Protein chains: 2
Amino acid sequence: MAPRTRAEALSRERIVEAAVELLDADGERGLTFRTLTERLATGPGAIYWHVPNKGALLDAATASVIAAALTVDAGRSPQDEIRAIGLSLFEAIESHPWLSPQLALQLSRSPRGSVTPRIFEAIGQRVSALGIPENTWFTATSALVHYVFGAAGQNAANSRVLGPGVDRAEFLRAAANAWEDLDPAEFPFLRSIADEVREHDDREQFLTGIELILAGMTGGSRRP
Amino acid sequence: MAPRTRAEALSRERIVEAAVELLDADGERGLTFRTLTERLATGPGAIYWHVPNKGALLDAATASVIAAALTVDAGRSPQDEIRAIGLSLFEAIESHPWLSPQLALQLSRSPRGSVTPRIFEAIGQRVSALGIPENTWFTATSALVHYVFGAAGQNAANSRVLGPGVDRAEFLRAAANAWEDLDPAEFPFLRSIADEVREHDDREQFLTGIELILAGMTGGSRRP
DNA sequence: ACCTGAACACCGTTCAAGT
DNA sequence: ACCTGAACACCGTTCAAGT
């Protein structure tokens, strides 16, 4: 993490880029105005000239990573593209775990922050191509987006715990073992699925969840 | 927010209780060791005697609110109880918006933090009573939990933006109007659902999403 | 217009000292 | 065993001053 000598002039893009690198390297706590100024070989005042505050900087970092994740190849069906977008977001959050709480905050802020609207738009376009009634589009899209965020968030949290040194299979095994040791009276369900936890594949499970929602949307019964 | 004279001795419970009150009143930034010591009429050292650090305090506050939300009356079917638990969590997060990012963090931490396992257990018990194949329980439960968290998180964010003074209908109207003004080429979907956004009911939409997943689980086709 | 860097207010946490 | 409160290291942000 050697401080870089200032070749080019400072710019909003260079600041955001450096912020993403710091976040990727050390998580939320890796990004402070001290680490940032050191990395960019400048002072805090210079950064405040380009960015109004730290929140805006986090927003910009989030937007730049998500925008890249939302561009996926054309698929052979809307369903395929929904799977592709979901998986792309899933992987983006997996490799940038700091995105998860950030997205949770972004989710609101009305339609101001451009991130959530873009995700809604990307998935909604495919939902509207599924051939389901127009008055179900909004709800169906919301369900998909919420599921993706929830699932990806959990996964991000896992990969955060894992860290660089920890083996994934090892981690799952330990978690499953811990669940098996829980009080049978209080946690019968967790004990019953411990075996499955040990062997499951995150990505596959994520996609199966999308499948559940797609099945409910296109084939399932509607609520009375 | 008058500082309370110290009647009873300090205890972990009294500290957690005060923390929840401060969080409810002013969100995450409302809880600092200064506001907490002022409220409890004591010094920081006294709090550190009962609680190891701020993270643990937030965990305890989360656990206390979630535990209350997870106790629901017996329903007439597993589906009914799943709806009841989902709605109860939804409402808990709605009235304690600080729960949302906190849950996102809690989600991982292996099975250590007791919160996520309890939610999994509560929903999983009902899923296992649905009569679907045992090897689908884990994935189905995960999908439900992730959906609940994602949806509730969005709603929490909304209610955070709303604040005490802002009208809900007003807020939705403004959001819908903003979406209608977006570039038609870039955001055709958001424009098309603006009307629906204006009139939708959060709680109903949330439950319909649960219905989608339930339908996918019990009736829908499975992925080839 | 863009950058410098000292200074400010505030935060979580520690710890020697009291009872 | 439980509490006090001054002190420490660190944080985001400001702003007068430079170029």
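All values derive from a computational prediction rather than experimental measurement.
- When distances run from any side-chain atom of B/Ala9 to the nucleotides C/dC3, D/dC3, D/dT4, the shortest one goes to D/dC3.
- In this structure, A/Leu40 places its CG atom 16 Å from P of C/dC2, rounding to the nearest Å.
- Comparing A/Pro44 and B/Pro44 along DNA chain C, the residue whose closest nucleotide (by nearest heavy atom) sits nearer the 5' end is A/Pro44.
- Pairing of D/dC11, defined by two Watson-Crick or G-U wobble distances under 3.5 Å, is not identified with any nucleotide.
- Base pairing analysis places D/dA16 opposite C/dT4; the two distances defining the Watson-Crick or G-U wobble pair are each below 3.5 Å.
- Residue A/Leu58 contributes atom CG, which lies 15 Å from atom C1' of D/dT13 at whole-angstrom precision.
- Residue-level contact check: B/Leu31 touches the backbone only, with heavy atoms under 4.0 Å from sugar-phosphate atoms and none from bases.
- Here A/His50 does not reach the OP1 or OP2 of C/dA1: none of its side-chain N or O atoms lies under 4.0 Å away.
- Of the candidates C/dG12, D/dT13, D/dT4, C/dG12 carries the atom nearest the B/Lys54 side chain, counting heavy atoms from C-beta on.
- Remark: A/Glu170 engages A/Arg173 in a salt bridge, criterion side-chain N to carboxylate O under 4.0 Å.
- Rounded to whole Å, the distance from CG on A/Leu36 to P on D/dT13 is 12 Å.
- A close approach under 4.0 Å does occur between a side-chain nitrogen or oxygen of A/Trp49 and OP1 or OP2 of C/dC2.
- Side-chain contact check for B/Phe189 versus B/Ser192: some heavy-atom pair is nearer than 4.5 Å.
- The side chain of A/Ala46 sits closest to C/dT4 out of C/dT4, C/dG12, D/dC3.
- Per the geometry, CD1 belonging to A/Ile47 stands 14 Å off C1' belonging to D/dC11, to the nearest Å.
- Rounded to an integer number of Å, the gap from OH of B/Tyr48 to C1' of D/dA7 is 14 Å.
- For A/Thr32, counting side-chain heavy atoms from C-beta on, the closest listed nucleotide (D/dC11, D/dT4, C/dT4) is D/dC11.
- No donor-acceptor pair under 3.5 Å is formed between the side chain of A/Ser88 and the backbone N or O of A/Leu70.
- For D/dC2 and C/dA17, the P atoms lie 22 Å apart once the distance is rounded to whole Å.
- What separates CZ of B/Phe33 from P of D/dA9 is a distance of 19 Å, to the nearest Å.
- Dense packing is recorded around CG of A/Asp183, with more than 12 heavy atoms of other residues, nucleotides or ligands lying under 6.0 Å away.
- Map A/Arg29 and B/Arg34 each onto its nearest nucleotide of DNA chain D; the residue landing nearer the 5' end is B/Arg34.
- Protein atom CG of B/Asp26 is 15 Å distant from nucleotide atom P of C/dC10, rounded to whole Å.
- Rounded to whole angstrom, the span from the CD atom of B/Glu28 across to the P atom of C/dC11 amounts to 15 Å.
- B/Tyr147 and A/Tyr147 have their aromatic ring centers separated by at least 6.0 angstrom.
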